[in-house]
Amino acid sequence: MLKNIYLICYCVLLLTACQKASVEAEQVTVKEKKELSVGTLFGSQIYFSSEQGDTGYDYEMAEKFAKNINLKLNMHTFANIDQLYQALDSGKIDIIAAGLTDTLSRRAQFRLGPPLYRVDQVLVYKKGTPAPRNMNNLAGAITVVSHSAFVETLSALKKTHPKLVWSEETDKDAEELLAMVDRGDLHYTVVNSTSLDINRRFMPELRAGPVLKPKQSVVWLLPLNNSDQLMSQLLAFWHIEKRSGTLAHLTEKYFGHVRRFDYVDTRAFIRAIDSKLPKYQATFKKYAGDLDWRKLAATAYQESHWNAHARSPTGVRGLMMLTLPTAKQVGIKNRLDPYQSIRGGAKYLNKILKRLPKSIPESQRMWFALASYNIGFGHVEDARKLAQSMGLNPSAWRDMKKVLPLLQQRKYYKKTRYGYARGKEAVHYVDSIRRYYDTLVWMDSQNILLELEKKTPHTLGKPKAVLKKASSQ
């Protein structure tokens, strides 16, 4: 009996020692690391590389996390989700940050980080085809990305909808499947609601069908083993960034302006890119200065729909819809001359940008400048002071979107210096320009792809990889 007790004690001590050694080994490994290797997928809201730099919700969060734990960020892009899983299992990457959602199967295979934002899983079809009402009697098959959360959702639905069928695509991502639905090559696909919101600015024929699974958390994935310290660091980082408003800021930055969708306006804008923009594109580029010319062009479209002779009852005129005092201020003699108007509008916007307080982050300064262009610098300053008095951040656009509409309510504007302003209209104005700008960026990327595909036919069918390669040259 005594011998058995000694044996049990020895085993317990041995197990404790092994666990301690394992933890110490993990700590040494993490401590000695010089970079954080993050696996991801290409996508507008995940990771996107262009001449203007790298962007994406997951990319920006990964960049902040790496800085938080004093490591250099190394982003690795993969062709599909299965390759991501294999890279994490083999230790080639430390984390998967690719807009993936929390599912039962992923919980069994990986450790899941805290929620970044939430999405709905939506069935998508093309305008002009019958709206899907019964999942048992669809007009055709569903095609989804292999190893995606949608496969798990459809498998669960099949238990109550036995006629439900779908196929899985390994070599295409969600955005490519949406393009195939838009062209009529596929009947249906399933995507996250954010992906649909973003892509129907370029493919306005896409329609949202039933929500198959609402409010799914988007998370990062870590290995099941030897990731205690990294998970601890991630949780601490997430807590700090959530409290500081970073998560809310990124959610507004990537998704806040795309939730509103106007089919007629989107179609008209895409047509105008072909029919009107070529006439003025060189001028936008010439006078943009420090601005991205596409932001200047998007502003002009919001103002006049690129109509050089546009007029309003309030006295603003021309392509950039300048007031007479503003035109004089920037040295413009003829507001109806489109080239003078673009030069004047660009000069005025750049002046506003320089005038804005330095506390406003670089990534958000343009939105404050555009609001000022729309309703006046003084009214925007009134809104900033009002935000501060309400305990909000006067240098964060997400908070200004809440406060600007209050300038239309007497109990708020009576306390301001400049009084009443159509603040709600300013918010809509800025969001519209952001949508137009995103569409111009996307159209540019498609033109790059077309040129590359002419030179290198073997790259057909790999648009995201080609775009990354092209933009890094």
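Index from 1, following the sequence.
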ask   = Within the side chain of Q121, is there an N or O that forms a donor-acceptor pair under 3.5 Å with the backbone of Q216?
value = no

inquiry  = Using side-chain heavy atoms (C-beta onward) and a distance below 4.5 Å, is N192 in contact with F150?
reply    = yes

task = Quick one: do S395 and R384 satisfy side-chain hydrogen bond (donor to acceptor under 3.5 Å, both in side chains)? Show the steps, please.
result = CA-CA 7 Å; S395 297; R384 293 186 72 247; 3.1 Å; yes

key: Heavy-atom donor-acceptor pair, S341 side chain to P338 backbone, under 3.5 Å   = no

Under 3.5 Å, which donor-acceptor pairs do the side chains of residues 204-213 form with other protein atoms, sequence neighbours left out?
{"residue": "E205", "atom": "OE1", "partner": "Y263", "partner atom": "OH", "Å": "3.4"}
{"residue": "E205", "atom": "OE2", "partner": "Y263", "partner atom": "OH", "Å": "2.9"}
{"residue": "E205", "atom": "OE2", "partner": "R267", "partner atom": "NH1", "Å": "2.6"}
{"residue": "R207", "atom": "NH1", "partner": "P204", "partner atom": "O", "Å": "2.9"}

task = Determine which pairs satisfy side-chain hydrogen bond (donor to acceptor under 3.5 Å, both in side chains) with at least one residue from residues 128-144, sequence neighbours left out, and list them in order.
result = T143-S167

ask   = Okay, side chain of Q408, backbone of G423: is any donor-acceptor separation there less than 3.5 Å?
value = yes

query = Does the gap between the ring centers of Y117 and Y254 come in under 6.0 Å?
reply = no

message = Less than 6.0 angstrom separating the ring centers of W306 and F269, yes or no?
response = yes

request  = Taking the side chain as every heavy atom from C-beta outward, state whether T246 and W238 have any atom pair closer than 4.5 Å.
outcome  = no

request  = Describe, in one word, how the ring planes of F368 and W397 are oriented to each other, choosing from parallel (under 30°), tilted (30 to 60°) and perpendicular (over 60°).
outcome  = perpendicular

query = How would you list, by chain and number, every residue that makes a side-chain hydrogen bond (donor to acceptor under 3.5 Å, both in side chains) with D431, sequence neighbours excluded?
reply = K401

